[in-house]
Every structure is written in C-alpha cells, then in structure tokens.
S.K.: 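Structure below; questions to follow.
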Amino acid sequence: MIVDIITLFPKLFDGFKTETLIKRAQQKGLLTLNVYHLRTWARSKHQQVDDTPFGGGPGMVLKPEPLFLALHDLTGGYQQRPLVTYFTPSGELLNQRLLKELSSIEHHIFICGRYKGVDQRVLDTWVDRQISIGDYVLSGGELPALVTLEGMTRLIPSVINDIESAHTDSFEDDLLEGPLYTRPEEYEGQKVPEVLSSGHHAKIADWCKEKALEKTRKYRPDLWQDYIKKNKQK
Ligand code: SAH
C-alpha cells in the first residue's frame, strides 16, 4: 500500500513513522509512506498557502493552487488514479467497515486540512472521499490521517504477527470485545472467571460471546440494536 500525505506539519508524522506498526509495515515492504509539505507547491512570493475567506468571516482557508499542483504531481503517472481522501468533520464517520474497505485499496492520497479548511474547488475537483473521525473539531487533519493510517495498516495481511488477534477485536462481529484476563489467576482477591481456565474451548467461546453481548448492550445500545436487527433477519 502506498500512502501519500499532504500536510503543513510533516514533522507530526515522524514518531509514528519510526515506531512499532507503521515502521514494521514499511520494513516488510507492505507500506510506503510519503509525507509531503504542502508549501513545496506554493508558488507565491511568500510561499503563502492560505488566505482569507471570500464573503468575510473569521479564519483562513487553504488556497486551491498549492493543493491543485500537489494533486497533479502526486496523481500523475499512475495507471490507476490513487484514492484521494480529505479529512473533515463533515465527512463520513470512520468505522471498522470503512477501514476494511480502505485497506484493500493500493494507493491513497490523504489531505490534512488546517485553519478553517480547504477551498471547495479542491474538494469538487480532486477529492473522492471525505472522512471524519468523530463529531468534534480538531485543529488539523494530521491526527485523523494517523488514526486512519494505523487502522488501515493493521488490517494489511502479515503486518501484525497474530492476525487472529485482530479478528477477535471489537466490531469484527458487530459487537464489542468482552473482558480480558491474564496471569495471575488471582489478584488482590479477584479471581479470573473459572470457565477461562477450564480448557473447554466451546464453553469458553460461549462465555466470551455472552460477555460481548452483555457489554455491547450496556455500553453501545446503538450497536446492540443493529446487531439484533441483523440477527433477527438471519
Ligand atoms: N471549519 C471546519 C473545521 C476546521 S478544523 C468545520 O467547521 O468543519 C481544521 C482541519 O482539521 C479540517 O480542515 C480537517 O482537515 C481537520 N479536522 C478537524 N476535526 C476533524 C474531524 N473530526 N475529523 C476529520 N478531520 C478533522
């Protein structure tokens, strides 16, 4: 997978690029991550990338020209055009289903907004997908890009050593993951549920499912309702 990121703050990606999952994916040749500074494509005298909004109002807007030039450069020369994603609070809400879909696409371009956002003409001309990571406003698209990148990368086969572990995570079967325990079997008077050390795989699986159902119903009634609807149809 190739991910090209356009940002005004490339250094924000440094730690993430050189540690753990993203590092491993790159070392294994499964991910190529390119972080580009938007100012590289600024052509004005002071390398300005933003300007005041037409119609007035507070804040600044990212100008179309540097982004158009960047996107011309980064999409050129490929047989299949990369998928261009812009991170914005008005986008489609990110979830596990969307991450799966994205992780099957080979080449991505991520645009990280700043200030008030980007000129609408960039969205109209270049952007295939708009993604939000939640109903709140951050100062830039860098964290949303990293959230999406990490979520996508761990779904690439052989990036994480134990892919089975990812398959038992929350949302995989439309439920939250149940409680987890490790050694010691008793800690400060609290015992691990007996069934977990019974060695009886079917019973353990039933227990885990039951706890996952309980937890989802309690903490995420919205997911619970969806689960019930789906399973009724089945
Ligand atoms: N004026 C915009 C918010 C701008 S925040 C609005 O009202 O919707 C500045 C930048 O941060 C945005 O361009 C976007 O790239 C990013 N951003 C902020 N919150 C985000 C979120 N919840 N999801 C995805 N991107 C976000």
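It should be emphasised that the depicted structure is a prediction, and the values quoted were computed from it without experimental measurement. For ligands, and for the atoms within them, numbers begin at 1 and follow the listed sequence.
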S.K.: Show the atom names and distances, to 0.1 Å, of all donor-acceptor pairs under 3.5 Å that link a side chain in residues 56-79 to residues at least two apart or in another chain.
M.R.:
{"unit_1": "D73", "atom_1": "OD2", "unit_2": "W41", "atom_2": "NE1", "d": "2.7"}
{"unit_1": "T75", "atom_1": "OG1", "unit_2": "L71", "atom_2": "O", "d": "2.6"}

S.K.: Between Q26 and T32, do the side chains contain a donor N or O and an acceptor N or O under 3.5 Å apart?
M.R.: no

S.K.: Going by salt bridge (Lys or Arg N to Asp or Glu O under 4.0 Å), name the residues that satisfy it together with E172, two or more places apart in sequence or in a different chain.
M.R.: K100

S.K.: Which residues pass the side-chain contact (heavy atoms from CB on, under 4.5 Å) test with S103, sequence neighbours left out?
M.R.: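 S103 satisfies side-chain contact (heavy atoms from CB on, under 4.5 Å) with M1, M152, L155 once adjacent residues are dropped.
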
S.K.: Walk me through whether T7 and E142 qualify under side-chain hydrogen bond (donor to acceptor under 3.5 Å, both in side chains).
M.R.: CA-CA 7 Å; T7 170; E142 287 76 12; 2.6 Å; yes

S.K.: For ligand 1, what are the residues with a heavy-atom contact below 4.0 Å?
M.R.: Y86, F87, T88, P89, G113, R114, Y115, K116, G117, I131, S132, I133, G134, Y136, V137, L138, S139, G140, G141, P144

S.K.: Begin with the C-alpha distance, continue with both residues' side-chain angles, and end with the deciding distance and a verdict on salt bridge (Lys or Arg N to Asp or Glu O under 4.0 Å) for R154 and E150.
M.R.: CA-CA 6 Å; R154 62 194 293 286; E150 171 152 327; 5.6 Å; no

